[in-house]
Amino acid sequence: MSSEDLARANVRALTPYQSARRLGGNGDVWLNANEYPTAVPFVLTQQTLNRYPECQPKAVIERYAQYAGVKPEQVLVSRGADEGIELVMRAFCEPGQDAILYCPPTYGMYSVSAETIGIECRTVPTLDGWQLDLDGIAAQLDGVKVVFVCSPNNPTGQLINPQDIRDLLEMTRGKALVVADEAYIEFCPQASLASWIEEYPHLMVLRTLSKAFALAGLRCGFTLASEEVIALLMKVIAPYPLSTPVADIAAQALSPQGIEAMRARVAAILENRQRLIDGLQSLPCVEAVFPSETNYVLARITTSSAVFKSLWDQGIILRDQNKQPSLSGCLRITVGTRDECQRVLDALRDQPGLTATEKQ
Ligand SMILES: *Cc1c(COP(=O)(O)O)cnc(C)c1O
């Protein structure tokens with residue numbers, strides 16, 4: 001019997017998460033993963049690597065709780081928000097029996113984690129403007145333990161209507177958890193649902209240091225939820241989810257100076273985003289630019305697959321969303337440095353497209 005035959009059936013069938021890093025992209029302008037474009041400095045202060053780290057480092061938890069406006073008992077820190085996605089499934093979903101539900105087009109890890117564990121994925125496609133189909137969700141809730149809502153949504157960039165999330169929370173009360181994925185909330189902080197946790201004990205909010213905090217390589221994320229939900233997640237998390245250097249750097253990022261620096265980075269990215277959007281709108285190959293509350297912009301582009309490949313060959317790596325439902329012809333572009341935004345605009349200017357009159 002080959003190892004392939006020995007593997008679990010759902011793992012044999014699994015398509016792993018696709019990233020340009022994994023695909024061996026070889027660019028010098030990386031605008032495919034919504035990372036911050038430049039590295040931020042840090043120092044290592046902990047020299048005690050002979051000892052195991054704290055499971056939930058106190059300084060990190062307390063600083064994040066203060067930053068997010070919740071109690072420390074309502075915070076869990078993990079190896080990226082991606083680990084939070086997996087923990088909620090492992091704590092709440094019985095493989096082969098329960099289901100998760102999400103609304104495509106959206107973030108790819110909900111299905112990858114569910115399929116790895118052997119949990120059914122139920123999908124209810126979004127409506128106009130990529131908003132929730134609440135009737136469709138209501139009709140599909142039987143057997144669903146966790147509903148994932150990404151707001152602002154990746155890859156489309158817009159917020160989910162808060163009243164719809166409230167209706168979803170009422171609909172799921174006592175039946176299922178609702179996970180609000182707020183990976184990009186620093187770019188629109190007023191939209192956070194963290195303050196709703198008191199009112200809705202079945203609401204979980206996912207956060208990360210990978211985007212506005214410029215620490216994707218650190219692998220550090222947070223789950224905010226009621227004390228009861230956090231206690232359940234604590235039962236299934238690894239004993240030492242964060243290494244000592246990770247906790248050390250995360251605590252620095254969450255110091256008052258760290259948060260101030262993050263806010264300055266957000267302001268710079270928002271400026272570059274406007275410049276990128278304005279530039280895109282004037283290009284012949286760009287059919288539509290969608291509004292964004294995040295550090296990326298989704299655009300519909302004439303012959304997008306050929307354009308994607310042409311830019312890839314020039315070392316400019318974007319994210320092709322063409323295969324996602326309702327996103328045919330769409331590319332997602334991370335807002336990089338001012339120079340990187342200009343490189344993309346210059347490369348796109350050379351692509352075939354429509355004249356202004358043809359566009360109308
Ligand atoms: C980037 C991203 C994450 C993952 O964050 P990590 O902390 O790097 O694991 C989760 N959700 C969404 C929507 C993201 O875009």
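Counting starts at 1 for both ligands and their atoms, in listed order. Throughout, residue positions are numbered sequentially from 1 according to the sequence presented.
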Student: Could you tell me whether R265 sits above the aromatic face of Y36, with NZ or CZ closer than 6.0 angstrom to the six-membered ring centre and within 45 degrees of the axis?
Tutor: yes

Student: Can you tell me which residues line ligand 1 if we count any heavy atom under 4.0 angstrom from one of its atoms, in chain and number order?
Tutor: G80, A81, D82, Y107, C150, N154, D181, A183, Y184, T208, S210, K211, R219

Student: Is the distance between the ring centroids of Y107 and Y102 under 6.0 Å?
Tutor: no

Student: Any side-chain heavy atom of L242 within less than 4.5 Å of one from P57?
Tutor: yes

Student: Got a second to check how far I61's CD1 is from L76's CG, nearest 0.5 Å?
Tutor: 6.5 Å

Student: Could you walk me through whether E287 and T302 pass the side chain to side chain donor-acceptor pair (under 3.5 Å) test, one step at a time?
Tutor: CA-CA 7 Å; E287 296 169 8; T302 305; 2.7 Å; yes

Student: How about Y67 and F222: are their ring centroids closer than 6.0 Å?
Tutor: no

